[in-house]
There are 2 protein chains.
Amino acid sequence: MAERTEIDNFSIDCVIFGFDEGVLKALFIKRNTEPGFGQMSLPGGFVYLDEDLDAAPMRRLYDLTGLTDIYMKQVGTFGKLDRYPLRRVITVVYYALVRVSDYSMQIGPDASELHWISVKKIPKLAFDHKELFSAALAKLQEQVHIDPIFLKLLPKEFSLSDLQDVYEAITMETFDKRNFRKRMLSLGVFLDTGRKQKNVSHRAARLYRFNRKAYKKMLKRGQMFVI
Amino acid sequence: MAERTEIDNFSIDCVIFGFDEGVLKALFIKRNTEPGFGQMSLPGGFVYLDEDLDAAPMRRLYDLTGLTDIYMKQVGTFGKLDRYPLRRVITVVYYALVRVSDYSMQIGPDASELHWISVKKIPKLAFDHKELFSAALAKLQEQVHIDPIFLKLLPKEFSLSDLQDVYEAITMETFDKRNFRKRMLSLGVFLDTGRKQKNVSHRAARLYRFNRKAYKKMLKRGQMFVI
DNA sequence: TCAAAAGTGTTGTCGCTACACCCATGT
DNA sequence: ACATGGGTGTAGCGACAACACTTTTGA
């Protein structure tokens, strides 16, 4: 591949959220270069001069994990003078949502170690990455009421308990099971597949599928995923 | 003033909202340089290398209008390759809220003309500024339910009708007068000053003032300005 | 038979909506 | 006296919160 020019005072950082066994996690890199050697940080990188801004985080995520077609959303842009020690760098933060089960680990050249870490147990991060991460989490918590975010975190077929687990993990609240189900089913966007869970050591749950057409109608009715 | 280095592929643009006689307006510049000569555009400019990102739109607004201490909020960052004809420029959009009555016109060197234009009658704009403007308006429409935005648009003392006018102008909806007042007064954050309008050719309205302490309590109760 | 999670209805309360007329003031 | 906006109350309905037990399945 030919060398491409980077805009070297302009970067992107990604907060990659995944959902794993009822826990909301994010993907971090242990830095193996200075500055910040040995510290955890968000995966990020510079933007190429001949690359759309929104393409940069996608490319970075692909290099890191091999995943494509990932849902990404811009969180905000951070540009304090001292946020990066070597020089002045403005960064745009994105969050991504991935199914951890789809995820295939591919360690790129500048990522010595990748770690999924629970959002409730975030360690000290390099530079101002804690602030970037918090902004992304706050944005996700806003969006969960507006968009069908669970779609990007759950498999195609899922139980209502899975759904509730996602909502509880993101909002950090707990909900009454009956009220939650009533509310979700009343939206009319979940289709009972007739199938059930297999190989579970308890009563098997019904599996549902999201119905996009019904979702469009729901939006026209002005309904949301607010709980 | 000493010359400062600009980051020349990185700019900010401002959508400056004002409220004037019941109409929500935004401030535009008629460009007097190429590219886009003669077209309306958002006030914007480059970021200095030794300047915090968030300081840049404040500086630009000050140069343009002489106003300081203005409420500003980041809308988003736009970075398509072809968005600016001369070269690759990534731009961060901010919106600002000003009281048109406070506003003192000061035309800077690269602004041949400034115009307040109703958000319902936006003309063709230079480059991708229509998209930037629309994003800012959408953000404002979200925020109006969350933050006491009217404070930045109205004088210190205002009538409930003024308040309703602001909400209707921003949301582009109309509300029942009785329900609107009931709702707003029930929040307990508006203090009757005992004063009334002067020199109006109809019954004078009571003037209210916003109570910040009561507002903090309201937030703790989890209430919002949703209508 | 036990453990673990799935699944299921009702009732009360509170908040929202809809709706129409009289009042104060300046011209 | 008239035009203009200011100011007020109620009733019905619908949405949400609170709440506990039975069912299914595999180990």
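Every chain is numbered from 1 and lettered A, B, ... according to where its sequence line falls, protein lines coming before strand lines. All figures in this text were calculated on a predicted structure; none of them were measured in a lab. Worth knowing before you read on, the calculation uses all heavy atoms, side chains too, and leaves out hydrogens, waters and symmetry mates.
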**Prompt:** What integer distance in Å separates B:Met184:CE from C:dG15:P?
**Reply:** 16 Å
**Complete:** For B:Phe28, the ring pair (Phe, Tyr, Trp, His ring centres under 6.0 Å) test, sequence neighbours excluded, returns B:Phe133
Pairwise N/O distances under 3.5 Å, protein to nucleotides 9-12 of chain D:
residue, atom, partner, partner atom, Å
D:dT10, O4, B:Lys182, NZ, 2.7

**Prompt:** Expressed in angstrom and rounded to an integer, what is the separation of B:Arg183 atom CZ from C:dA18 atom P?
**Reply:** 15 Å
**Item:** Nucleotide D:dG7, atom C1' - distance to CG of B:Leu207 in whole Å
**Value:** 14 Å
Write down the protein N/O and nucleotide N/O pairs, taken from nucleotides 21-27 of chain D, whose separation is under 3.5 Å; answer none if there are no such pairs.
residue, atom, partner, partner atom, Å
D:dT23, O2, A:Arg203, NH1, 3.0
D:dT24, O2, A:Arg203, N, 3.1

**Prompt:** Is any side-chain nitrogen or oxygen of A:Arg206 closer than 4.0 Å to OP1 or OP2 of C:dA6?
**Reply:** no
**Name of the residue among B:Ile16, B:Val15, B:Ile12 meeting side chain to side chain contact (heavy atoms under 4.5 Å, CB included) with B:Leu42** = B:Val15
**Message:** Measure CZ/A:Phe175 against C1'/D:dA15 and give the value in whole Å, please.
**Reply:** 17 Å
**Request:** Scan A:Ile149, A:Val100, A:Val119, A:Leu27 and name whichever one has a side chain to side chain contact (heavy atoms under 4.5 Å, CB included) with A:Phe17.
**Result:** A:Val119
**Electrostatic pair A:Lys25:A:Asp20 at N-O distance under 4.0 angstrom** = yes
**Request:** Give a yes/no answer on whether the side chain of B:Ser161 brings an N or O atom under 4.0 Å of OP1 or OP2 in D:dG6.
**Result:** yes
